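Everything below concerns the one structure shown next.
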Amino acid sequence: MAASITVSLPDGSQRELDERATGADLAAAIGPRLAKAAVAVTVDGTEWDLSSPLPDGAAVSVVTGNTAEGRRVLRHSTAHVMAQAVTRLWPGASYAIGPAIEDGFYYDFDLPGGAHFSEDDLGRIEDAMRAIVAEDQPFVREEHSVSEGLQIFGDQPFKVEIIQGVDSSEGAGEGVVSAYRNGGGFVDLCRGPHVPTTGRLGHFKLQKVAAAYWRGDEHRPQLQRIYGTAWESKAALEEHLQRLEEAEKRDHRKLGAELDLFHFPPEIGGGLPVFHPKGGLIRKLMEDHSRAEHERAGYDFVYTPHLAKSTLFEISGHLGWYKDGMYPPMEMEGATYYPKPMNCPMHILIFNDRLHSYRELPIRLFEFGTVYRFERSGVLNGLLRVRGITQDDSHIFCTQEQLAGELASLLAFVLRLLRTFGLTEFEAELATRPDKSVGSEEEWAAAEAALRAAMEAAGIPYVVADGEGAFYAPKIDVHVRDAIGRRWQVSTLQVDLQMPQRFDMSYVGSDNERHRPWMIHRALFGSIERFFGILVEHYAGAFPTWLAPVQVQVLPVRDDHHAYAFRVADRLRAEGFRVEVVPADEGVGARVRRGRLAKIPYLLVVGDEDVEAGTVGVNSRGAQRPDKGVAVADFASQLAAEVVAHLAPAAP
RNA sequence: GCCCGAGUAGCUCAGUUGGUCAGAGCAGGCGCCUUGUAAGCGUCAGGUCGUCGGUUCGAAUCCGACCUCGGGCUCCA
């Protein structure tokens, strides 16, 4: 009997190993560097521990710490170490779940006596974790029957609940649960895999404490959560922490105050911003651009009120399924009024006001409609989550034959608009029919197929979120990546399978019969407030010239250059640019500094030489040195070219 | 709503164990300076130290409640 096995590697090669050889043995056989970087293996697509013997004939690949999968293993193992540290410091603590998440991990605990963590505890816990890492404890996998598992975790109520919920679809197999035991007497129920020993960890940082409900349910016990992050190397950890710092610098609330764009007066209430002149101007430019694009794309502009009688929301169904998200009612002259949470019912009433012919379709109604939604105080987040939301909202009513074409051109329209704002990386998500839904099988299939075809035509990457659609609509959500790689959901396109029916909408077809129109909801910015916040962070407050509230400042060197400075400013203003003159009450250096801090695209310094030659000294935002002696006419045409360039963003 | 954290001048922050601790810089007003690329000088004004209550001879400082803001609350062993 040959005491060897053969496994195949991702590059297609075969490798012969001793019988009972493990993933660690394989990595070591390939090379010492790989052995050092390895954290787990995948065996026929499933992640395994490095210490498990490999089966003969398996397709194996070694997972290293610098990959997404590898980091997940590192983070998950670090979460275990944290749980062990917490149980050392708080004997009797129960631990619930501790998964790896994007960029880190967390673990939820129930501390004895209802104790809470405070931020000051994080340092102590980190110290205890470092001790455990220094002890280099092995992670030893065990498999048990459910009843054994219940016995082992008898004093861990959350683990017991998890074990009771285990079915054959998860865990180590039917009726089997796996656990990992560390040298320090700590055992945790876990699917694995884990790094071989705690000594493989160490580049981590605990970040914050928070409360979280068991299984996210506010009716269940509240647990104490600690968030942390972990990486494969010190350099990677530091890079991540630096990214967080960069994100903090871009915080739209901070920049919004510094650049005097908007604020949230407590007298008005949480989640209800006011836009200051500069922020208002940016917002107006965004809206103007959007309106111009919609006009070109064949939309009709409508306006609808902020309130409506309860009747409307009974017909629309909002009072049935969305009441918790609505502001409470107002009584007036015997009628009950609600602030609208969505614009769609009102747009439908415009459609329904008279009978339409198929010849008129598609009808595309557009409105910057402000809706009010009652968001719980705890979830408000600057402009990113507000209670007064202005949607760049539109409802398209069309025939079934038009549906696919409308969606395809709509998606192209969305992407063009987003590119104008410097957002060029897209990912879409197609959310399909959930278990509970309205509409027929055929309608859903037709709508989903049309959405899918639109994404194929647009050529953007997408994933299918099975069963994640609203009960009345399949939808496409468009996500963008910003300048520092963060992902934001912005646009949404939904095919509504409910409203046309609720409002008994119809049009007359060529056959002289009544037909039900198809209805598409769509918002491109999503919420203007939110999109504004995303843009502030994306641009780090340095808005491109076409959006900058002040595009140019003219800085006369001395008083006697003022007349020339105003002539330059007037000339640029006459060409439609937004220009300020900053008089020589301060030194040029001080004024340049202010201009840079205000992130103004161009600062023009004008002195003796410029008055003489009809030139300006151009300081472009971000440039190290000024470009002196530029003719005013040249600067003006350059500026004009830059500003119109945004209207024709480069195709992908 | 719940847990953690924070609230001192418009902004950013100092304020040791409760006793000249009510301060600084920026921003603002006024005056001087006339300036060629990231802060010129002087001067003035600004705060019931988030609010209310309590402890104390004495509270920005200690305690309690409340308010506001920030972080987190289904990424499923």
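Owing to the predicted nature of the structure, the values given are computational and were not obtained by experimental measurement. By convention in this document, chain letters (A, B, ...) are assigned in the order of the sequence lines, proteins followed by strands, and residues within each chain are numbered from 1.
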With sequence neighbours left out, the residues meeting salt bridge (Lys or Arg N to Asp or Glu O under 4.0 Å) with A:Arg200 are none
Query raised in the report: What is the nucleic acid contact for A:Phe117, judged by heavy atoms within less than 4.0 Å: base, sugar-phosphate only, or nothing?
Result: sugar-phosphate
- prompt: So what does A:Gln207 hit on the nucleic acid, given a heavy-atom distance under 4.0 Å: a base, only sugar-phosphate, or nothing?
  reply: nothing
Practice item. Mind checking A:Ala210 for me? I need base, sugar-phosphate or nothing, with any heavy atom below 4.0 Å counting as a touch. Key: base
Out of B:rA77, B:rC3, B:rG40, minimum distance to the side chain of A:Gln222 belongs to B:rC3
From NE2 of A:His76 across to P of B:rC75 the rounded distance in Å is 13 Å
chi for B:rG46 classified (syn = within 90 degrees of 0, anti otherwise) as syn
Residues in residues 552-559 of chain A with a heavy atom under 4.0 Å of RNA chain B, by number, are A:Val557, A:Arg558, A:Asp559
Residues passing the salt bridge (Lys or Arg N to Asp or Glu O under 4.0 Å) test with A:Arg71, sequence neighbours excluded, are A:Glu232
Contacts satisfying salt bridge (Lys or Arg N to Asp or Glu O under 4.0 Å) that involve residues 146-157 of chain A (not counting sequence neighbours) are none
query: For A:Gly595, which contact category applies under a 4.0 Å heavy-atom criterion: base, sugar-phosphate, or nothing?
result: nothing
Which of B:rA77, B:rG71, B:rU35 is nearest the side chain of A:Val588? It is B:rU35
Checking B:rC73, B:rG71, B:rC4 against the side chain of A:Lys208 (C-beta onward), the nearest is B:rG71
By side-chain hydrogen bond (donor to acceptor under 3.5 Å, both in side chains), A:Arg596 pairs with (sequence neighbours left out) none
- request: Please work out which of the three classes, parallel, tilted or perpendicular, describes the rings of A:Tyr107 and A:Phe109, given edges at 30° and 60°.
  value: parallel
Practice prompt. Look at all strands and tell whether A:Gly607 reaches a base, only sugar-phosphate, or nothing, counting heavy atoms closer than 4.0 Å.
Written response: base
Does NZ or CZ of A:Arg220 lie under 6.0 Å from the centre of the six-membered ring of A:Tyr213, at an angle within 45° of the ring axis?
-> no
From CD of A:Glu468 across to P of B:rU74 the rounded distance in Å is 14 Å
Out of B:rG36, B:rA77, B:rC73, minimum distance to the side chain of A:Arg225 belongs to B:rC73
For B:rA39, the nucleotide meeting Watson-Crick or G-U wobble distances (both under 3.5 Å) is none
Open item on the list: Between B:rG10 and B:rU56, how far apart are the two P atoms, rounded to whole Å?
Closed with: 34 Å
Partner of B:rU17 under the Watson-Crick or G-U wobble criteria, both distances under 3.5 Å, comes out as none
- Message: Would you say CD of A:Glu102 has more than 12 non-hydrogen atoms from neighbouring residues, nucleotides or ligands within 6.0 angstrom?
- Response: no
pair_partner(B:rA22), Watson-Crick or wobble, both distances < 3.5 Å, evaluates to none
Note: for A:Pro626 and A:Cys190 on RNA chain B, the residue whose nearest nucleotide lies more 5' is A:Pro626
Whether each nucleotide of nucleotides 24-33 of chain B has a protein heavy atom under 4.0 Å at its base (B), only at its sugar-phosphate (S) or at neither (-) is summarised, 5' to 3', as ---S------
Here the salt bridge (Lys or Arg N to Asp or Glu O under 4.0 Å) pairs for residues 79-90 of chain A, sequence neighbours left out, are A:Arg88-A:Glu135
Open item on the list: Any base atoms under 4.0 Å from A:Asp608, or only sugar-phosphate, or nothing? Heavy atoms, all strands.
Closed with: base
Contact check, residues 243-262 of chain A vs RNA chain B, heavy-atom distance under 4.0 Å, returns A:Arg253
(message) Tell me whether the side-chain N or O atoms of A:Tyr213 pair up with the base of B:rG72 as donor and acceptor below 3.5 Å, since no angle test is needed here.
(response) no
Closest to the side chain of A:Arg593, out of B:rA77, B:rA38, B:rC4, is B:rA38
In Watson-Crick or G-U wobble terms, with both distances under 3.5 Å, the base opposite B:rC62 is B:rG54
Per atom distances to the A:Tyr106 side chain, the nearest of B:rG72, B:rU37, B:rC75 is B:rC75
Practice item. Kindly say if A:Asn381 contacts the phosphate of B:rG71, meaning a side-chain N or O under 4.0 Å from OP1 or OP2. Key: yes
Taking B:rG36, B:rG1, B:rA77 as options, the one with an atom nearest any side-chain atom of A:Ser178 is B:rA77
Quick check: does any side chain N or O of A:Asp49 sit under 3.5 Å from a backbone N or O of A:Ser51, one acting as donor and the other as acceptor? no
If you draw the axis of the six-membered ring of A:Trp231, does the NZ or CZ of A:Arg72 fall within 45° of it and under 6.0 Å from the ring centre? no
By the Watson-Crick or G-U definition, both distances under 3.5 Å, B:rG47 is matched with none
For residues 583-593 of chain A, the side-chain hydrogen bond (donor to acceptor under 3.5 Å, both in side chains) pairs (sequence neighbours left out) are A:Glu586-A:Arg594
- Task: Give one of base, sugar-phosphate or nothing for A:Phe158, where a contact means two heavy atoms less than 4.0 Å apart.
- Result: nothing
In whole Å, measure the gap between the P atoms of B:rU35 and B:rG50 for me. 47 Å
A:His263 atom NE2 is separated from B:rU68 atom C1', nearest whole Å, by 13 Å
What integer number of Å spans the C1' atoms of B:rU20 and B:rC66?
33 Å
Of B:rC4, B:rC75, B:rA77, the nucleotide closest to the side chain of A:Lys159 is B:rA77
Whole-Å distance, A:Asp610 CG to B:rU35 C1', equals 15 Å
Applied to residues 207-216 of chain A, the salt bridge (Lys or Arg N to Asp or Glu O under 4.0 Å) test, sequence neighbours excluded, yields A:Glu161-A:Arg215
*asked:* For a quick check of understanding: with a heavy-atom distance under 4.0 Å over all strands, which category does A:Arg596 fall into, base, sugar-phosphate or nothing?
replied: base
Would you call the rings of A:Phe275 and A:Phe262 parallel, tilted or perpendicular if under 30° counts as parallel and over 60° as perpendicular?
tilted
* A:Tyr564 vs A:Val554 side-chain heavy atoms within contact, under 4.5 Å -> no
Side-chain atoms of A:Val592 come closest, of B:rA77, B:rG36, B:rU37, to B:rU37
When both distances are under 3.5 Å in a Watson-Crick or G-U wobble arrangement, the nucleotide paired with B:rG7 is B:rC67
N/O donor-acceptor pairs under 3.5 Å from side chains in residues 613-620 of chain A, not counting sequence neighbours:
residue: A:Thr615; atom: OG1; partner: A:Asp610; partner atom: OD1; Å: 2.7
residue: A:Asn619; atom: ND2; partner: A:Leu603; partner atom: O; Å: 3.1

### Message
When you measure from the side-chain N and O atoms of A:Tyr95 to the phosphate of B:rA77, is any distance below 4.0 Å, counting only OP1 and OP2?
### Response
no
Quick one: which protein N/O atoms are closer than 3.5 Å to N/O atoms of nucleotides 44-46 of chain B? Pair and distance per line, please.
none

Quiz item: Parallel, tilted or perpendicular: which describes the rings of A:Tyr372 and A:Tyr327, with under 30° parallel and over 60° perpendicular?
Solution: perpendicular
d(A:His76 NE2, A:Cys190 SG) to nearest 0.5 Å is 3.5 Å
